[in-house]
Amino acid sequence: MNPFKTKGRITIKEYAWNIAISIAILTGVIKIANFMIDDLQGVSSFYESFGSVLLIVGVIFFLISVASYSGRRLQDIGKSPSGFVTIFIPLYNLYMLMILFSQVGFGNNMYGPEVTRNEVKDKVYLLRLISIILMVTICDQGFQSYNEKLLHTFLDAPEKNDLYVIKTDLDGQYKYQLYNITNVSDNQIDFAVANYVYISTSEIKKDIESKEIKASEYFIENITVDRESLNPQKIEKIIRYY
């Protein structure tokens, strides 16, 4: 159903289908955008910029879709479509959702004739939703496969200034630490260990962007590790800037 259409009425079932499809599309967009922003950031700045734009466009499209479908659902029960704005008001939107998903529109009203049930249309909605979920799942598996392949590629051929995001053995919420390769030999790798432990990889990304990570105060320790002793399971991510 066209999310930019504002006239007409939709039933509870049509509303539910379209909201579910919109959420599935937004989920896919977020996964693709995050992949470009987080995992392709070292390949080219274009991917990070495009991912950010894609994320903004995806969120705007979702909000327009929710507004459009909510307005048409309100029209089905004889209420002004301008009431869709309340769907974005915290707490009150729970009351509005309860109305949209429970109140049935009977008979003709000023917004059009009564909408009749269409089982064929239900099957079309279901097929669309399944197709989108399947595509999102395939993309997600592809992203994971790419990251695993990239991780092993970097491990097989480490380079100076590669940044390793390592899972720590510390208890509690802090679980990631940043290691920077300072030298690579045939059998060993020299790392500078960061002075901070992080809750998430996104925090590390922000720190990398906002700080001069090669500053002496950022790294507090230098260690040497045998290449064969590196455990891929403890490496969350390897960042390489080209």
Quick one: list whatever passes ring pair (Phe, Tyr, Trp, His ring centres under 6.0 Å) with [X], sequence neighbours left out.
{"X": "F143", "answer": "F35"}
{"X": "Y179", "answer": "F191"}
{"X": "Y15", "answer": "F101"}
{"X": "F88", "answer": "none"}

Partners meeting side-chain hydrogen bond (donor to acceptor under 3.5 Å, both in side chains) with [X] (sequence neighbours left out):
{"X": "D226", "result": "Q188"}
{"X": "T224", "result": "D190"}
{"X": "Q103", "result": "none"}

Legend entry - Pairs flagged by salt bridge (charged side-chain N to carboxylate O under 4.0 Å, His left out) wherever residues 142-156 is involved - sequence neighbours left out: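 Residue pairs with at least one partner in residues 142-156: there are none.
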Inset, instruction - Output the rest of the hydrophobic cluster of L94: all Ile, Leu, Val, Met, Phe, Trp and Tyr residues reachable through side-chain heavy-atom contacts under 4.5 Å, sorted by chain and number. - result: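 Its cluster partners, ordered by chain and number, are none at all.
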For residues 53-62, run the donor-acceptor check on the side chains, cut-off 3.5 Å, and write out each pair with its distance to 0.1 Å, sequence neighbours left out.
none

Inset, instruction - Heavy atoms only: give me the nearest V136-G28 pair and the separation to one decimal. - result: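 Of all heavy-atom pairs spanning V136 and G28, the closest is CG2-CA, 3.6 Å.
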Inset, instruction - Applying salt bridge (Lys or Arg N to Asp or Glu O under 4.0 Å), name anything that partners K160, two or more places apart in sequence or on another chain. - result: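 K160 satisfies salt bridge (Lys or Arg N to Asp or Glu O under 4.0 Å) with no residue once adjacent residues are dropped.
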Legend entry - Side-chain touch V66/I87, heavy atoms, less than 4.5 angstrom: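 Yes, close enough: below the 4.5 Å cut-off.
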Inset, instruction - Would you please name every residue forming a side chain to side chain contact (heavy atoms under 4.5 Å, CB included) with S82, sequence neighbours left out? - result: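 Testing S82 for side chain to side chain contact (heavy atoms under 4.5 Å, CB included), a comparison that skips the adjacent residues, returns S80.
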